Amino acid sequence: MTGKSQKVVVLGAGQAGLQTVVSLRQLGHEGEIVLVGDEPEAPYQRPPLSKGYLKGELERERLYLKGEDYYAEHEVSLRLGVSAEAIDTAARTVRLSDGATLDWDALVIATGARARRLDVHGADLDGVLELRTMADIDRLKPHARAGVNVLVVGAGYIGLEAAAALTQMGAKVKVLEAAPQVLGRVAGPEIGQFFLETHRAAGVEIMLNARLSEFVGEGGKLTGARLAEGDIVDCDIALVGVGVVPNMEIAERAGIRCGNGVCVDEQAKTSAESVYAIGDVALRPLTHYRREGRLESVHNAIEGGKIAAAAIMGAPPPPIDVPWFWSDQYALKLQTAGLWTGADESVLRGEPQSGRFAVFYLKEGAVIAVDAVNSPPDFIVGKKLVAAGARVAPGELGDTSISMKEISAKALSPS
Amino acid sequence: MPKITYVDANGEQRTVEAKTGMSVMEAAIKNDVPGIDADCGGACACATCHVYVDEEWLPKLDEQQAMEQSMLDFAENVQSNSRLSCQIKITEELDGMVTTPESQH
Ligand SMILES: Cc1cc2nc3c(=O)[nH]c(=O)nc-3n(C[C@H](O)[C@H](O)[C@H](O)COP(=O)(O)OP(=O)(O)OC[C@H]3O[C@@H](n4cnc5c(N)ncnc54)[C@H](O)[C@@H]3O)c2cc1C
Ligand code: FES
C-alpha cells in the first residue's frame, strides 16, 4: 500500500500529534486518520498556560490549535477522552480504554510527557497542583489573585513563568529550588543569576539549595511545606514544577526500544516496523550535536510531526532546525537556540542590567547555543551560527559595537 | 465580521471571516490557510508568521512594537510592508488583504 492511502493512527492529541495530521493532509494523504487523546480537549497549545492564559489575557478559545470544523473538513476522526492502552505491533492494532480496537498501517506515538510527581508525604493534599494541562491551570485560576500565598516547587521555566504571572496578579510567591541556581537544568549561570535577581526585585522570595521534605495540611487541605531543615513555609497552594516524565510505558509494554524516551532514528522510526514516535516522548538524534536527546519544546513537537508525516508518505524529510525555545516572564522574552550542555566557554553580549543582552555558549571555539533576553538579533543570528557550527572569536561576540549583521556576514559567508 | 484575504506566493486567494480581537495569524491558522506556520503560536518569538500587508491597509494597523521590528529586521525576504501577522489585531476597519511569502524558513 502506498503511503497516501495508509490508515494512520496517532496516539496523543497534543502539539506533535496534531502536526502529524496537518502535515499528512498537506502532503496529500487520503487514507483514514484517527487522532486519539486522553484529555477531553481538542489539540491546544500549552505555552500560554503558564503565561497569558493564567493571567486571563488569553481566552480558552484561543488556545486551540485548529478551529472546530477542521477535523470534519479534513476527515480526521478525533477520539477525545479516550486513552490508548496496548499496542500490538505484530497484529498492527491498538486497544483503547473505551474497549475499541483500532487497526493501523502506520502508528504514531505522540503521547508527550506528564508532570513529575513529588514522592513526598502530603503530595495528594488539596491545593498541591501541577502545571501541565488546561485542566491543571483551570484548577489554579480561582486561586490566582491578590493576597494568596503560593509556593512554587522547582525553578525551571514553567515554575518561574507561573511565579511571574502570579506575582503580577498580586499573589505572594515563594519559590523553592533544590539546586544552587534557578533554571540550572536549561541555562547557564549568567542567565540563572539574571532571572534570580529579576524575580527577587519583583518581590518573589526564592530559596535556593532548599529541599522539600513534605507538604503539611489540615483536614486534607494544604497549609504549608516542610523543608529538609525542618522549617515550615506557609502556603495556600503549591505548584509543583519539577520536570516531566515521558509517557512511554505503552511503547515499553509493546516491546519497543526505549531509553529516557522512545528511541527513534532521523525519520522518527522506532524499533517496531511502521511505528513512529515524536514530540516530548521521543528520544531522537540531535542532528547538530551528534548525540541523542529528548527535547521538550514546541519546535521539537512541530518538527517531529513533519518528520513522521513525510516518512509515512515517502516524501522528502523537512529541514531539521536547531532546537529552539522561548520563555516569557514579566516584560522579558528569553529566546534560546541550541543546547548549551557541553559548552567550555560562555560569552556575555550586552549588559544584563539593561534588560537586553545575550549569552553565547561555545565549545572548542564553535557556537553551540545562545540565550537571548529581549534581543531577537542575538537569537536569530545565534541560531544561524549554531546551525553552521560557526566559529566566532569570543572578543567579537562580546563586543556590541560590532553588529550581529556584521558578525553573521563574516562568520557565515563562504570563504 | 471583517474579511481577510490571504494571497499565497502563487497568487491563489483565500478569504476568511475573522473575529475581531483575534490576530491575522490566528484567523489563518484556524481556517487552515497555508503559507503561515506560526510555530510559536503568536508569542512573537519565531517570525514564521511573516506576511506582506496590502499598502492600503498599512496605515490602519497598530504600530509595530520593538520586539516585532527587531524580529523582522532579521527575517528572510523582508519588504517595507512586512509584518508579523500574530502581532496584527483584527478590528472592524480591517477588511483587507495580506500576501504570504514563499517560505517561512
Ligand atoms: C505550562 C507549559 C508551558 C510551556 N511553554 C513552552 C514555551 O514557551 N515554549 C516551548 O517551546 N515549549 C513550551 N512548553 C513545552 C511544549 O508545550 C511541549 O514540549 C509540547 O506540548 C509537546 O508536545 P507533545 O505533543 O509531544 O506532547 P503533549 O503536548 O504533552 O501532548 C501529548 C498528549 O497525549 C496525551 N496522552 C498521553 N498518553 C496517552 C495515551 N496513552 N492515549 C491517549 N493520549 C495520551 C496527553 O494527555 C497529551 O494530551 C510548555 C509546556 C507547558 C506544560
Ligand atoms: S507566530 Fe511566532 S512570531 Fe508570530
Side-chain angles (χ1 to χ4, degrees), chain A residues 15 18-19 22-23 25-26 44-48 51-52 58-59 61-71 73-74 297-303 306 318-321 324-328 331-337 356 372 374-384 403-405 408, chain B residues 1 4 6 8 12 14 16-50 64-78 82-90 100 102-105:
Chain A
Q15 184 109 38
L18 176 75
Q19 184 65 48
V22 170
S23 293
R25 289 298 187 228
Q26 277 172 358
Y44 62 90
Q45 38 168 344
R46 299 190 193 280
K51 310 177 179 82
L58 200 80
E59 315 84 77
E61 192 198 322
R62 295 178 70 182
L63 295 178
Y64 296 103
L65 287 162
K66 286 289 175 194
E68 281 169 26
D69 307 336
Y70 177 86
Y71 303 95
E73 270 169 24
H74 292 81
S297 68
V298 165
H299 147 252
N300 175 60
I302 292 178
E303 190 168 271
K306 291 181 180 170
I320 302 301
D321 213 349
W324 63 271
F325 187 84
W326 76 96
S327 174
D328 295 328
L332 302 172
K333 182 178 297 294
L334 172 74
Q335 290 169 292
T336 293
R356 188 189 161 139
N374 284 0
S375 191
D378 295 328
F379 167 68
I380 296 179
V381 175
K383 192 162 160 231
K384 291 181 184 162
S403 76
M404 284 314 287
K405 283 199 170 145
S408 132
Chain B
M1 270 198 269
I4 299 186
Y6 299 82
D8 70 17
E12 197 174 321
R14 290 179 187 80
V16 308
E17 289 202 354
K19 267 202 195 138
T20 56
M22 277 205 166
S23 69
V24 170
M25 175 281 282
E26 285 174 287
I29 296 295
K30 296 269 156 87
N31 290 288
D32 203 33
V33 175
I36 293 178
D37 290 350
D39 288 352
C40 78
C44 199
C46 72
T48 64
C49 63
H50 178 194
Q64 274 181 40
Q65 303 284 317
M67 262 323 254
E68 181 188 348
Q69 233 162 43
S70 188
M71 286 296 287
L72 271 173
D73 210 15
F74 285 83
E76 307 287 330
N77 309 314
V78 178
S82 285
R83 290 291 306 259
L84 293 180
S85 57
C86 69
Q87 303 300 307
I88 311 176
K89 218 188 211 139
I90 295 167
T100 51
E102 206 165 314
S103 150
Q104 294 285 357
H105 288 273

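This structure is a prediction, so every number in the text was calculated from the model and none was measured. Chain identifiers are assigned alphabetically (A, B, ...) following the order of the sequence lines, protein sequences preceding nucleic acid strands; residue numbering begins at 1 within each chain. Hydrogens, waters and symmetry mates play no part in the numbers below; they use all other heavy atoms, side chains included.
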Residue list, side chain to side chain donor-acceptor pair (under 3.5 Å) with A:Arg46, at least two apart or on another chain: A:Glu39, A:Tyr44
Exercise: identify the closest heavy-atom pair between A:Leu65 and B:Ile29: O-CG2, 3.4 Å
side-chain contact (heavy atoms from CB on, under 4.5 Å) between A:Glu61 and B:Met22, worked out: CA-CA 10 Å; A:Glu61 192 198 322; B:Met22 277 205 166; 4.0 Å; yes
Working for side-chain contact (heavy atoms from CB on, under 4.5 Å), residues A:Trp324 and B:Cys46: CA-CA 9 Å; A:Trp324 63 271; B:Cys46 72; 3.4 Å; yes
Minimum-distance pair of heavy atoms, taken over all atoms of B:Cys44 and A:Gln335: O-NE2, 4.2 Å
Heavy-atom pairs under 4.5 Å with chain B, option from A:Gln45, A:Arg62, A:Lys51, A:Gln15 with the top count: A:Arg62
Interatomic spacing from CG in B:Asp32 to NZ in A:Lys66 - rounded to 0.5 Å: 4.0 Å
Nearest heavy atoms of A:Pro377 and B:Phe74, plus distance in Å: CB-CE1, 3.3 Å
Segment of A:Phe379 engaging chain B (4.5 angstrom heavy-atom cut-off): side chain
Qualifying residues under salt bridge (Lys or Arg N to Asp or Glu O under 4.0 Å), relative to A:Lys405, sequence neighbours excluded: B:Asp73
A:Trp326 versus B:Ala43, closest heavy-atom pair with distance: NE1-CB, 3.4 Å
A:Glu68 CD: over 12 foreign heavy atoms closer than 6.0 Å: no
From A:Ile380 atom CD1 to B:Ser70 atom OG, the distance as rounded to the nearest 0.5 Å: 7.0 Å
Heavy-atom closest contact (A:Pro376 atom, B:Met71 atom, distance): CB-SD, 3.4 Å
Separation between OG1 of B:Thr48 and NE2 of A:His299, rounded to the nearest 0.5 Å: 11.5 Å
